[in-house]
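Just below is one structure, and these are the notes that go with it.
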Amino acid sequence: MKADVAIVGAGPAGLAAAIAAKENGAKRVVVIERESHLGGILNQCIHNGFGLHVFGEELTGPEYAARFEDKAAALDITCLTQTMVLDISPSRVLTVVGPQTGFCTIEAGAIVLAMGCRERSAGALMLPGGRPAGVLTAGTAQRFVNIDGYMPGKEVVILGSGDIGLIMARRMTLEGAHVKMVLELMPFSGGLKRNIVQCLDDYNIPLKLSYTVTRIHGAKRVEGVSIAAVDNKGVPIKDTEEYVACDTLLLSVGLIPENELSRGMDIKIDPVTGGPEVDSHMQTSIKGVFACGNAVQVHDLVDFVTEEATRAGAAAARYLFEEDKAIAYCPTKAGTGIRYVVPQRLRLDGDKKTLFFRVTNVFKNCVTVARCGDKVIARKKRLVCTPGEMESLCIADEDIQGDVIVSVEEA
Amino acid sequence: MIYDVAIIGAGITGAMIARELSQLSASVCVIEAEADVAAGATRANSGIVHAGYDALPGSMKARMNVRGNALMPTAVKELGVPYENCGSLVVAFDEEEDRSVDKLLQRGQENGVPVEKISGEEVRKREPHLSQDIKSALWAPTAGIVSPFELAIAAMENAAANGAKVYRSSRVTAISRQNSGFVIQAGQNRIESRFVVNAAGVYADEISRMAGGEEFTITARRGEYVLFDKSQPVKVRSVIFGAPSEKGKGVLFSPTAHGNMIAGPTAEFTGKEDTDTTREGLAAVMNGVRQYVPSIDRRSAITVFAGLRAVGDRHDFIIEESKSAPGFVNVAGIESPGLTSAPAIAEYVTEMLVTMGIDGTIKTGATRIRKPIEVFAHATPERQCELIDTDPRYANVVCRCEHVTEAEIVKSIHRPCGATTVDGVKLRTSAGFGRCHGGFCMPRVMDILARELGKDINDITKSGEGSWILANKTKEAAQ
Amino acid sequence: METRNLTCIVCPLGCEMTAQMDGRKVVSISGNTCKRGENYARAELTDPRRTLTTTMRVKGGGRVSVKSKDTLPKGKLFECMTVINAWEVQPPVKIGDVLIKDIMGLGVDIVATSRINGV
């Protein structure tokens, strides 16, 4: 099979990229999706809060996804579902398997990687104790409850106060489970304030900050967890240990971009984001291979995923037609208080640029600044910046004279 | 029916004995308390095939170790399980440990094991990630690594294919004598057998007592492990041991047959039910391996687990017919080098039983071969196409991290002594062993198990009774 | 007079506000940084409402995701869940289909947010 643009993943990133590729002149656009349906993780995100920026409406995950699925269908984009990409060669040949295609190779003019991310598992935490049934990530629990219609447990403790953990606290409670508490290692929650109020406060579910699970009890099924307060290094404080009876431990302890395919292609990966290093066109270190969405950096708002993916899809299409003219780049760097900056390098192509980044801590009454040498080229006053909410700054192309360093400072 | 031999315990010892016996005309059954084969120490150990320099010369351990090591390459070929003859290094950091290495060298030679001493530089030439502080090491080329539970499962499949009956989820609660044999109450089953082999791991002492056999004590000594991501960069090619010193045996750092690195074990006496890992134990493992490989990163861990060694009070294997219960054969205290010794113990116990009076003629149609499981992810593209042509379910990849297909999962359920639980599928196919550790594939694996076994997905467990995964359907209260 | 505390959710600042209530009447609000926060507090204290998102059983198995078209009184959510859980919808279902009209007489419809193909 041949394709002008092949897109790996039909979640919000993949679909938006496919649509943008088609709208920018690519004729044969193929999307490859491992699930049996399109929409990616949005299908199980039945809560609302999606689309405020893109559509001016607050939609649920499935509704947001449907808008893009319908558009893709209208644009005659080929979608291969239940199809897995096993391998991508550096010459952009994808090897895929699935019931629709059997074993098949796809030669692509350009590729967009939109595989999304996966959840950090219990084993990666090295949690002491048994290995009983009943320890699962919040996303897997969400799939069981919302797609399959099964409750993974009745008496629940949640470790991790990121949005997925908070959303599942509410969801499980509404479906009749008793969510006893949400524990958070850091002294601040990783989720939106709105979710703290509407998922925890509304249901009187306590949030214990600077707390962690120190042991899982139970041989066959979870019987309880030991919890303890932690110091500022995250180390459990001995005397604070207590036992909490429960039959389920949900983990919401980190999202990691899915990048096995990228690594297999020897694409340069940013060790901080866990995703490919990209330029301002979302192109990776391999020409003609682009990436977007949670595969590049874990997003909190799907609206920004759509924006990023649209850029990637458009660039992938243009790559097919534009001659490969030499272009200069300038790197971005994470300065004080900044965890990472995407894109990692900027094309000096005359276009305005948007830098996306995350801060390392909670900063109140601050300014986010982009500097080139000593010159401030962008500045934004912020009442508060938190690690859980992605920030952005716009810079003009002509201001980029060298490394662009982003930092957060006191106002 | 009255079996000739009933084997209690389907760990590596019981499975290999069953496999050996199943070649003969004697009738064999295996009785396992848990839901699956390899449920105890067999699935929670280092997977090392020891060279044999460590065991005391003249002991049963030494004899079985050396013979087992010699038999292992053939056994793994016949049973079609991955095995690597990677050799082992016992590394010394100071004078005391260097003397220890000399002692092991001598012991190895006494046991008839090829061993040699090499310098610290030579060690680092072969293994660039090892510490600069290593002075010297013992090199044992005949050591290897194998997947212990795959070996046990393959042996049991072979035994079942030859006619052995396997009773799972059948805990032995009583053994009595009847006529010239035994009656075993195991779960709902009442099993009669002329002879009994006790391979019950940490519970072997209790089983022996039940049958009126020898009084000995088995103490559980727990070992905790850390398993690392395949893609992490700090790797070694051989098994790395620390030289025994005053401080103890130390932990090992080794490749596994699957391509991960493993670190461990600790050694603490605990209760027979206690397979929990502990904060202190895991810290001890990490501190221990950092001595050999200073650059190992704890963030590359993908799972931790612990297994219980069955430590006998005689400090050697107990492999003998019970004097107080004739016909009852104890195979107890099989701690390290138990895995390595398994093929030799199987051979030895089979000979013993033939002498004791079972029919030792080769059964017609019995085979020693269990065909290797074809792994889709390891096949060439041409072969992958062929597989999909024969069975379209090979085109449906279920485990994204390990590329395990629906066809492989279905086969793992329908093979002799097949998977009935999520862990059972995991041990047979690697689905759930990868980076996301089942996060993506568990719901799908459960769907397939439910479909193939004709069960409700609600009844699919992680590892047998008590390990329920799903509580109930949502909205049940409303109906 | 009663003192009530609440966290504003209108913007990431999450101001911790304090209100003085006289029965069900809001007397004063403090701690907010802007007018939007004050408006939110007043609404939240006198008539807290939430959008309900959940799933509904589909005949033949499976679930369809649903939401309340408008916000519902916060205190009625569990009762609404009981009503929704007792329903079973016949496929096909389109996004926006009204599955329960005027739930519990509260003037709010429950609509489908995902689609199910017909059998």
Side-chain angles (χ1 to χ4, degrees), chain A residues 34 82-84 86-87 95-105 115 118-134 136-137 139-140 143-154 175-177 214-221 236 247-248 251 256 258 260 263, chain B residues 224 226-227 229 231 273 275-282 286 298-305 376-377 381 384-385 387-389 392-397 400-401 403 405 422 435-440 442-443 447 457-458 461-477:
Chain A
R34 67 188 177 187
Q82 243 185 310
T83 306
M84 185 79 81
L86 294 180
D87 176 73
T95 306
V96 309
V97 280
Q100 281 174 263
T101 59
F103 183 99
C104 173
T105 54
M115 293 84 72
R118 62 182 162 81
E119 298 176 278
R120 205 154 152 240
S121 66
L125 293 180
M126 286 178 63
L127 268 177
R131 296 202 297 168
L136 63 170
T137 55
T140 307
R143 196 209 151 78
F144 276 130
V145 176
N146 293 341
I147 307 284
D148 304 311
Y150 285 92
M151 290 298 278
K154 297 201 153 84
E175 288 288 355
T214 53
R215 191 171 161 177
I216 298 174
H217 298 261
K220 289 290 187 180
R221 176 76 198 189
D247 64 19
T248 309
L251 301 171
I256 302 164
E258 271 280 25
E260 275 150 63
R263 282 177 212 275
Chain B
E224 301 183 40
V226 178
L227 190 71
D229 193 321
S231 71
E273 306 282 312
T275 52
D276 279 7
T277 51
T278 63
R279 197 183 170 79
E280 300 73 28
L282 295 175
M286 290 310 298
R298 111 175 231 141
R299 283 171 303 180
S300 325
I302 54 169
T303 194
V304 298
F305 59 90
F376 181 84
Q384 286 177 334
C385 273
L387 286 169
I388 292 171
D389 284 337
R393 291 172 302 191
Y394 274 109
N396 184 16
V397 177
R400 189 262 169 269
C401 301
H403 289 174
T405 65
V422 171
R435 211 157 278 131
C436 85
H437 242 65
F440 174 68
M442 183 172 57
D447 271 331
I457 193 177
N458 223 51
T461 64
K462 181 176 187 287
S463 60
E465 199 180 322
S467 63
W468 55 273
I469 300 171
L470 300 175
N472 51 261
K473 276 192 92 85
T474 52
K475 305 154 200 306
E476 219 157 55

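The sequence lines fix the lettering, A, B, ..., with proteins before strands; numbering per chain opens at 1.
Heavy-atom pairs under 4.5 Å with chain B peak, among A:Gly149, A:Gly130, A:Ala177, at A:Gly149. The residue among B:Glu280, B:Glu273, B:Arg298 with the most heavy atom pairs within less than 4.5 Å of chain A is B:Arg298. Listed options B:Gly464, B:Ser463, B:Ala377 were ranked by heavy-atom pairs under 4.5 angstrom with chain A; first place goes to B:Ser463.
Taking all atoms of both residues into account, the shortest heavy-atom contact from B:Ile469 to A:Ala133 is CG1-CB, 4.3 Å. Between A:Pro236 and B:Arg279, the shortest heavy-atom distance links the atoms CD-NH2, 3.3 Å. Nearest heavy atom pair, residue B:Trp468 against residue A:Asp247, reads CH2-OD2, 3.7 Å. Taking both residues in full, the closest heavy atoms of B:Lys473 and A:Asp148 are given as NZ-O, 4.3 Å, listed atom of the first, atom of the second, then distance.
For B:Tyr394, there are no side-chain hydrogen bond (donor to acceptor under 3.5 Å, both in side chains) partners at least two apart in sequence or on another chain.
Both the backbone and the side chain of A:Leu86 have a heavy atom closer than 4.5 Å to some heavy atom of chain B. Only the backbone of B:Glu465 comes within contact range of chain A, judged by heavy atoms closer than 4.5 Å. Both the backbone and the side chain of B:Pro443 come within less than 4.5 Å of a heavy atom in chain A. Of the atoms belonging to A:Ile256, not a single heavy atom falls under 4.5 Å from chain B. The contact between B:Ile388 and chain A is made entirely by side chain atoms (from C-beta outward), counting heavy-atom distances below 4.5 Å.
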Problem set entry | Criterion side-chain contact (heavy atoms from CB on, under 4.5 Å) on A:Arg131 and B:Phe305, from CA distance to verdict | CA-CA 8 Å; A:Arg131 296 202 297 168; B:Phe305 59 90; 3.5 Å; yes
For this session: Begin with the C-alpha distance, continue with both residues' side-chain angles, and end with the deciding distance and a verdict on side-chain contact (heavy atoms from CB on, under 4.5 Å) for B:Arg400 and A:Arg118.
Result: CA-CA 11 Å; B:Arg400 189 262 169 269; A:Arg118 62 182 162 81; over 6 Å; no
With a cut-off of 3.5 Å and sequence neighbours excluded, list every side-chain donor-acceptor pair involving residues 96-104 of chain A.
from: A:Gln100; atom 1: OE1; to: A:Thr81; atom 2: N; distance (Å): 2.8
from: A:Gln100; atom 1: OE1; to: A:Thr81; atom 2: OG1; distance (Å): 3.1

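Tested against A:Arg215, the residues B:Thr277, B:Thr278, B:Asp276 include a single side chain to side chain donor-acceptor pair (under 3.5 Å) partner, B:Asp276.
Proximity of A:Met84 to B:Thr405: side-chain heavy atoms (C-beta onward) are nowhere separated by under 4.5 Å.
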